[in-house]
Amino acid sequence: MVETIVRGFKVQIDPEDLKVLEGKTFESRGAKYFVVINGVEVPVKPALMELLRRKGINLTLLDFTTQDAIRIFRKLGLEIVIKGVNKKRELLKFAGAIKGGKDMDAVRDKEELYEEKISS
C-alpha cells in the first residue's frame with residue numbers, strides 16, 4: 001500500500017485498487033508516459049485520475065502532474081514506460097542554436113543535420 005498526498009488530498013492506494021484500471025481504455029492524446037498494469041500500457045495521468053475518482057477525490061488531469069502520477073505508480077512497484085520520444089527529432093529543434101568556437105555557421109549546421117535526416 002502507498003500512502004501519499006496529491007494536491008492536498010491524503011490518499012491510500014493499494015495494489016488491489018489497480019483492478020479498476022484493467023480492461024479500461026483511456027484517451028492518450030500526446031501521452032509519453034505509461035504505467036504497465038498486467039502487461040497493458042496505460043497512460044499515467046488518466047490512470048491516476050481514475051484511481052483518485054474511485055477514492056472520492058475529483059481532480060482533473062490539470063490538477064496534478066505527470067511526475068505526481070509516475071511517483072505514485074513507482075511507489076507501488078509498477079513499471080513506467082516512455083514512448084514517442086524520438087531523440088534525434090528532439091535534438092533537431094536545437095540545431096544551430098548551440099554551437100561554440102570560431103567555426104560557427106548555424107545555417108550550414110542546420111542544413112547538414114536536415115540533409116542527414118532526409119537521406120537516412
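These numbers were taken from a predicted model, which means no experiment stands behind them.
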Common cluster, [X]/[Y], ILVMFWY with side-chain heavy-atom separation under 4.5 Å:
X     : Y     : result
Val40 : Leu21 : yes
Val36 : Val2  : no
Ile37 : Val81 : no
Val44 : Ile82 : yes

Any side-chain heavy-atom pair of [X] and [Y] under 4.5 Å:
X     : Y     : answer
Arg53 : Asn58 : yes
Leu76 : Ile13 : yes
Glu16 : Met1  : no

Distance (rounded to the nearest 0.5 Å) between [X] [atom1] and [Y] [atom2]:
X     : Y     : atom1 : atom2 : answer
Thr66 : Tyr33 : OG1   : OH    : 7.5 Å
Ile70 : Leu78 : CD1   : CG    : 12.0 Å
Leu51 : Ile72 : CG    : CD1   : 9.0 Å
Leu18 : Asn38 : CG    : CG    : 8.5 Å
Phe34 : Ile80 : CZ    : CD1   : 11.0 Å

For [X], side-chain contact (heavy atoms from CB on, under 4.5 Å) partners two or more places apart:
X     : result
Glu3  : Lys10, Gln12
Thr25 : none
Thr65 : Arg7, Gln67, Asp68
Pro46 : Phe26, Pro43, Leu61

Is NZ or CZ of Lys45 both nearer than 6.0 Å to the six-membered ring centre of Phe64 and within 45° of the ring axis?
yes
For the residue pair Thr4 and Arg71, what are the closest heavy atoms and their distance?
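Scanning both residues, the minimum pair turns out to be OG1-NH1, 3.0 Å.
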Which heavy atom in Leu48 sits nearest to a heavy atom in Phe73, and how many Å separate them?
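Scanning both residues, the minimum pair turns out to be N-CZ, 3.8 Å.
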Excluding sequence neighbours, so at least two apart, what forms salt bridge (Lys or Arg N to Asp or Glu O under 4.0 Å) with Asp17?
Lys55
Which residue pairs pass the salt bridge (charged side-chain N to carboxylate O under 4.0 Å, His left out) test with at least one member in residues 73-82, sequence neighbours excluded?
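Matches after skipping sequence neighbours: none remain.
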